[in-house]
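A quick write-up on the structure given underneath.
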Amino acid sequence: MVHFEKNKKAVSILDPVFENVKEKESPLAEQAAGQISQLIIDRQLVHGEKLPNEFELAQQLNVGRGTVREAVKLLVARNVLEIRRGRGTYVTQQTGVVRDPLGFAYMPNQPRLARELLDIRLTLEPWAAALAARQADEQDVAELRRLCKEIEELIRAGENHLERDEALHVRIAHCTQNRVLPKLLPVIAYSVQLFGALNDTCIYEETIETHRQIIDAIAAHNEEAARSAMRRHLTGNLRAIEAASQNA
């Protein structure tokens with residue numbers, strides 16, 4: 001019997017959960033990865049929950065430990081699992097959402113791509129901000145304010161704030177409680193990083209101010225104010241990208 005850690009308690013996983021992967025025709029590592037992925041879905045395992053060790057998984061899947069190792073590598077590449085050195089293998093935070101699934105990094109003319117991504121975000125994120133204002137609870141608001149403060153502190157210190165900026169937009173998306181929206185987050189995430197790479201410090205004060213306006217509106221559960229603040233924020237970004245392109 002194998003155990004998964006769940007909320008610091010062991011959850012039993014009975015032997016019949018896994019099929020015999022050797023009875024299928026696809027590569028064993030791919031089969032094993034599929035079985036592990038399905039188990040994560042069926043058991044509704046979430047971020048931070050630990051998988052059985054390599055030996056236990058090999059026994060349950062009826063394959064060698066090398067096959068399990070390859071299966072885990074496949075799932076790490078797909079952002080389903082993460083390996084914490086010396087501690088084990090865990091479910092990732094944004095399970096299955098890879099960093100650049102649409103291949104944005106390989107598209108030519110990145111300034112043009114930045115404008116096109118912002119066009120999409122101008123349709124998507126004002127709606128998301130309004131829905132976040134409707135759905136966010138006190139814990140969500142506290143986390144948004146913390147991220148907003150961290151961004152401001154990093155900007156004031158002249159340090160890279162883009163990771164925290166990305167996290168803020170991701171958190172707003174999760175506040176909507178819409179299960180589909182987080183799957184679109186690579187569009188937002190890549191856009192934030194690309195905008196930061198192409199832009200200069202002239203937009204930073206506007207970023208600080210519009211971030212505050214967005215979070216205040218969400219905290220007040222004012223949907224229209226949240227929608228308008230997000231639109232101002234993204235419109236400012238778009239203006240800055242267009243200005244940078246003209247001056248290039």
Side-chain angles (χ1 to χ4, degrees), residues 4-9 11 40-41 43-50 79-80 82 84 90-97 99 120-157 159-193 195-196 203-237:
F4 280 82
E5 291 183 1
K6 189 173 180 69
N7 299 327
K8 297 184 179 180
K9 295 181 180 179
V11 177
I40 291 170
I41 294 168
R43 299 289 174 173
Q44 298 183 1
L45 302 179
V46 297
H47 173 232
E49 294 185 35
K50 186 178 180 182
N79 198 37
V80 175
E82 61 179 338
R84 301 179 186 176
Y90 295 79
V91 178
T92 58
Q93 183 170 11
Q94 296 181 40
T95 311
V97 179
R99 190 67 183 171
I120 294 171
R121 290 177 64 193
L122 273 163
T123 299
L124 179 65
E125 286 197 85
W127 166 81
L131 187 54
R134 184 191 309 171
Q135 302 284 15
D137 58 24
E138 291 183 4
Q139 183 177 351
D140 290 326
V141 171
E143 178 66 9
L144 290 172
R145 291 201 185 282
R146 182 185 69 79
L147 289 168
C148 191
K149 182 179 179 182
E150 287 184 5
I151 292 167
E152 291 184 24
E153 289 174 347
L154 289 168
I155 288 175
R156 302 294 189 204
E159 299 178 14
N160 190 324
H161 69 285
L162 296 178
E163 181 182 338
R164 296 288 81 194
D165 197 321
E166 177 185 325
L168 178 67
H169 285 269
V170 167
R171 183 69 186 198
I172 290 171
H174 281 287
C175 287
T176 66
Q177 299 182 27
N178 182 297
R179 296 185 304 164
V180 175
L181 186 57
K183 301 303 181 183
L184 306 178
L185 291 180
V187 173
I188 297 173
Y190 192 87
S191 178
V192 170
Q193 296 296 327
F195 175 76
I203 195 69
Y204 287 171
E205 286 301 323
E206 185 174 340
T207 295
I208 290 172
E209 182 58 30
T210 51
H211 275 173
R212 289 176 181 172
Q213 291 170 2
I214 294 166
I215 306 313
D216 286 345
I218 292 174
H221 302 291
N222 187 328
E223 296 179 36
E224 191 52 45
R227 189 193 316 273
S228 297
M230 182 63 80
R231 189 175 299 280
R232 283 194 298 275
H233 174 58
L234 296 174
T235 300
N237 288 357

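Values reported hereafter were calculated over all heavy atoms of this structure, with side chains retained and with hydrogens, waters and symmetry mates removed.
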Inset, instruction - May I ask you to decide whether E152 forms a salt bridge with R212, counting only side-chain N to carboxylate O separations under 4.0 Å? - result: yes
Interatomic spacing from [atom1] in [X] to [atom2] in [Y] - rounded to 0.5 Å:
| X | Y | atom1 | atom2 | result |
| --- | --- | --- | --- | --- |
| Y90 | L45 | OH | CG | 13.5 Å |
| E205 | T210 | CD | OG1 | 10.5 Å |
| C175 | L181 | SG | CG | 10.5 Å |
| L154 | D165 | CG | CG | 10.0 Å |
| H161 | I155 | NE2 | CD1 | 4.0 Å |
| R231 | L122 | CZ | CG | 6.0 Å |

Inset, instruction - Test T235 against H233 for side-chain contact (heavy atoms from CB on, under 4.5 Å), laying out the working first. - result: CA-CA 6 Å; T235 300; H233 174 58; over 6 Å; no
Residues two or more places apart in sequence or in another chain: which of them pass side-chain hydrogen bond (donor to acceptor under 3.5 Å, both in side chains) with [X]?
| X | value |
| --- | --- |
| R84 | E82 |
| E209 | Q213 |
| E150 | R146, R164 |
| T207 | none |

Inset, instruction - Give the C-alpha distance, both sets of side-chain angles, the deciding distance and a yes or no for side-chain contact (heavy atoms from CB on, under 4.5 Å) between I218 and L144. - result: CA-CA 9 Å; I218 292 174; L144 290 172; 4.0 Å; yes
Legend entry - Side-chain touch E206/I208, heavy atoms, less than 4.5 angstrom: no
Legend entry - Any side-chain heavy-atom pair of I214 and L168 under 4.5 Å: no
Inset, instruction - Test D140 against every option in Q135, R171, H174, R145 by the side-chain contact (heavy atoms from CB on, under 4.5 Å) rule and name the one that passes. - result: R171
Inset, instruction - May I have all residue pairs that pass salt bridge (charged side-chain N to carboxylate O under 4.0 Å, His left out) and include part of residues 129-138, sequence neighbours excluded? - result: R134-E223
Inset, instruction - Decide side-chain contact (heavy atoms from CB on, under 4.5 Å) for I40 and V80; before the verdict, give the C-alpha distance in whole Å, the side-chain angles of both, and the deciding distance to 0.1 Å. - result: CA-CA 9 Å; I40 291 170; V80 175; 3.7 Å; yes
Legend entry - Donor-acceptor contact below 3.5 Å, side chain S228 vs main chain A225: no
Hey, can you pull the donor-acceptor pairs under 3.5 Å for the side chains in residues 123-133, sequence neighbours left out?
| unit_1 | atom_1 | unit_2 | atom_2 | d |
| --- | --- | --- | --- | --- |
| E125 | OE1 | H169 | ND1 | 2.8 |
| E125 | OE2 | R121 | NE | 2.4 |
| E125 | OE2 | R121 | NH2 | 2.9 |

